[in-house]
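Worksheet: the structure to be examined is printed underneath.
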Amino acid sequence: MAETLLSIRDLSIAYEVGSKDVVAVSGASFDVPQGTIVGLVGESGCGKTTMARALTRVIADNARIDGGAMQFDGQDLAALSERDMNALRWRDISFIPQSAMNSLDPVYRVEYQIIEVLRDRGGMRKAQARARAVELFEMVGIDPGRLRDFPHQFSGGMRQRAAIALALALNPKLVVADEPVTALDVIIQRQILDQLRGLQRELGLSVIMVTHDISVVAYICDRTVVMYAGKVVENCDTATLLNEPLHPYSMGLKNAFPDLQSAGTGVLTPIAGSPPDLIDPPKGCRFAARCPFATDLCRNTEPALTEAAPDHHVACHRASEAAVLRETAKDPATWGAVT
Amino acid sequence: MSTLKPFLIRTLQLLLVLWAVVTILFLMFRLMPGNPLAAYIDPTFTAEQQEALIRQFGLDKPLWQQYFTYLGNLLQGELGDSFRYRTPVAERILLLLPNTLILTFSSLIVAYTFGILAGAWLAWKRNSRFEAAALPAVLATRAMPEFWLGMVLLAIFSFSLGWFPAGGTRSAGTSYDSLWQLYTSANFLSHLFLPMMTLAIYSQGLPLLLMRSNMLDVMKEDFVTMAKIKGLSPSAVVIRHGARNALLPVMTSFAIAVGYQLQGNVVVESVFSWPGLGRELVNAVAASDYPLAQGAFLMIAIVVITMNLIADLLYTFLDPRISHA
Ligand SMILES: Nc1ncnc2c1ncn2[C@@H]1O[C@H](COP(=O)(O)OP(=O)(O)OP(=O)(O)O)[C@@H](O)[C@H]1O
Ligand code: SF4
Ligand SMILES: [Mg+2]
């Protein structure tokens with residue numbers, strides 16, 4: 001197995017809201033092996049962006065890393081001084097944001113914004129940076145003639161490609177992509193994911209791909225981490241997750257999204273209900289209120305994340321019965337009337 | 001070039017506005033009750049002399065004919081003669097215009113430079129004790145009437161300390177070979193200082209508060225967050241991306257400020273006996289010197305309208321979303 005590039009252990013991140021804490025990520029652990037795409041999937045509000053941004057250590061004013069470690073390439077990102085962290089930003093860990101429109105500065109040409117990072121952070125000289133910008137645009141499939149455009153002159157897809165070019169500028173070890181294709185239509189999504197996949201293989205990149213869409217995971221990710229209400233509930237390779245999920249939430253997610261490759265076929269069954277309040281989470285399993293298989297044990301005791309099968313982590317009391325539960329989960333009626 | 005067409009449209013619009021101003025001025029001074037020549041005509045004039053005068057000024061013609069004569073004259077820069085000075089109005093106005101422009105622009109430049117820097121700084125120092133002290137102070141300067149502020153500065157720096165002269169543009173008995181020499185002389189600048197500061201203090205609040213609130217908004221934008229994630233230096237984040245974007249709306253306010261400023265000039269020019277258009281306008285109206293008042297009005301309107309055009313162009317130049325639409 002490939003060497004581990006990033007190893008997150010017991011990471012907790014809280015937002016201070018008034019006198020209360022919203023614990024958006026609580027005790028999360030997972031690894032990112034070198035040269036793989038790891039999906040981070042879960043519903044809106046489950047803490048994906050919070051986790052992704054923690055890796056850059058540029059977090060909201062009211063956010064706080066509340067414990068845990070992020071071992072990256074031999075150092076703990078959570079413990080680095082601001083100065084050391086800043087030295088590592090973009091050179092080692094870059095970021096692709098969801099909305100590339102607002103993440104490009106409207107008053108500067110796209111070329112300037114690429115050159116800025118190449119010069120300020122990569123120590124290149126102007127001519128060298130110019131040539132590199134052309135190369136980057138070619139890599140992501142934009143005509144280098146468009147380098148002198150302003151961001152508002154780009155289409156949504158082009159902006160997203162430009163954001164990818166920007167993220168690859170300094171040959172980082174890890175690219176964190178926060179819903180990089182969510183705002184785009186399905187055809188463009190696929191083109192961009194293909195491109196990203198190609199570049200990732202070619203450059204041997206490691207990527208964390210944040211998405212709420214399990215079909216994006218299925219399309220591009222080698223491994224997948226499923227989050228629910230701030231917790232990692234399942235973590236394994238993508239094929240296993242799709243075919244033999246152990247966690248009921250993963251089983252439900254699969255029913256809830258169309259396939260990117262055969263868009264439009266099959267019935268979609270959403271998971272009824274909504275995730276718990278993170279200010280005051282329930283004491284047992286956080287998914288219990290929506291889980292068709294919940295028992296009294298589930299409602300009272302929180303399941304720990306354990307390695308139920310080789311390289312397959314799950315946090316569910318009934319993981320050992322998963323094969324049976326999977327059959328039941330295939331029936332839409334199972335997900336219909338959960339109270 | 002894509003920038004040329006909006007420029008032409010704007011210029012046409014402004015010419016239209018100017019034409020409206022000119023027409024309103026014409027109607028205002030013609031339709032005012034009473035004889036427009038009352039101030040000019042000596043009571044000892046005979047009836048024939050009065051009529052000769054009325055003919056001479058074209059006041060016996062129908063209104064529309066007077067209007068076209070008036071427009072024609074304006075196009076040639078002919079504004080008539082001042083009743084009071086019996087000299088051409090245009091001459092008088094061109095003499096005073098530089099004084100007004102220098103006062104207006106120097107004070108606005110000081111106000112905007114200070115306001116923009118201080119506003120950005122205050123946004124940077126958000127929630128600090130410094131901010132808690134500075135904000136009320138800024139609001140206080142906005143509440144002070146200009147004439148009062150002018151008097152206070154005069155009392156302190158001129159009458160008490162004697163650092164600056166009390167009024168006018170230069171000391172009595174001085175003369176200069178050229179206007180340029182006059183305007184760059186220490187003598188002129190020391191006369192300029194107090195009225196300029198009065199206007200600057202009065203005006204800095206607008207750009208300051210605007211800059212501060214824009215900065216606070218811009219610093220929350222995704223591209224600023226991205227600049228931090230890229231590991232750019234704090235100055236690159238705050239100045240290159242933050243302030244550069246926050247500056248845009250402040251530039252538009254410059255045009256509005258010029259309008260306010262010329263209005264404020266009337267007061268400040270009077271307090272400091274500064275021979276500018278504002279003071280001249282007040283005096284001309286008081287003395288029923290209609291040609292002069294009309295000329296001064298017109299000149300002020302031209303300055304305001306031109307500034308609007310310049311501010312517009314500046315904004316276009318600064319915001320690629322408009323210039324590269
Ligand atoms: N600045 C903040 N202050 C307080 N709470 C916040 C803040 N940012 C996020 N949260 C809360 O933290 C939780 C996790 O948010 P996060 O943005 O990480 O979710 P996400 O999984 O990325 O969701 P989405 O799919 O909507 O992007 C949510 O409940 C959200 O309301
Ligand atoms: S622990 Fe219980 S409630 Fe939670 S997911 Fe597993 S079965 Fe459902
Ligand atoms: Mg998010």
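Since the structure is predicted, the reported quantities are computational estimates derived from the model, not experimental observations. In what follows, every chain begins at residue 1, and chains take the letters A, B, ... in the order their sequences are listed.
Taking chain A as the reference chain and counting heavy-atom pairs below 4.5 Å, the highest number among B/K220, B/E221, B/K230 is found for B/K230. Between chain A and the residues B/R240, B/K228, B/R244, the most heavy-atom pairs under 4.5 angstrom are made by B/R240. Each of A/V58, A/V117, A/L166 has some count of heavy-atom pairs under 4.5 Å with chain B, and the biggest count is that of A/V58. Heavy-atom pairs under 4.5 Å with chain B were tallied for A/N86, A/V107, A/T56; the largest tally goes to A/V107.
Contacts between A/L88 and chain B at a heavy-atom distance below 4.5 Å are absent for every atom of the residue. For A/R109, the part lying near chain B is the side chain, with the backbone staying farther off; criterion is any non-hydrogen pair under 4.5 Å. For chain B, no part of A/S94 is nearby; none of its heavy atoms comes within less than 4.5 Å. Using a 4.5 Å cut-off between heavy atoms, A/F150 contacts chain B through its side chain alone, with no backbone atom that close. Both the backbone and the side chain of A/D105 come within less than 4.5 Å of a heavy atom of chain B.
For A/R53 and A/D178, the salt-bridge test fails: no basic side-chain N is under 4.0 Å from an acidic carboxylate O. Salt bridge absent: A/R146 and A/D143 never bring a charged side-chain N and a carboxylate O closer than 4.0 Å.
Between B/H241 and A/Y108, the ring planes are perpendicular. Angles over 60° get that label, and only those under 30° would be called parallel. Ring pair B/W121/B/F130 is perpendicular by interplanar angle, where above 60° counts as perpendicular and below 30° as parallel.
For B/N265 and B/T104, the side-chain atoms include at least one donor-acceptor pair closer than 3.5 Å.
Within 6.0 Å of CZ in B/F297 there are 12 or fewer heavy atoms belonging to other residues, nucleotides or ligands.
Each of A/Q160, A/Q200, A/R161 was scored for a side-chain hydrogen bond (donor to acceptor under 3.5 Å, both in side chains) with A/Q195, with one residue passing: A/R161.
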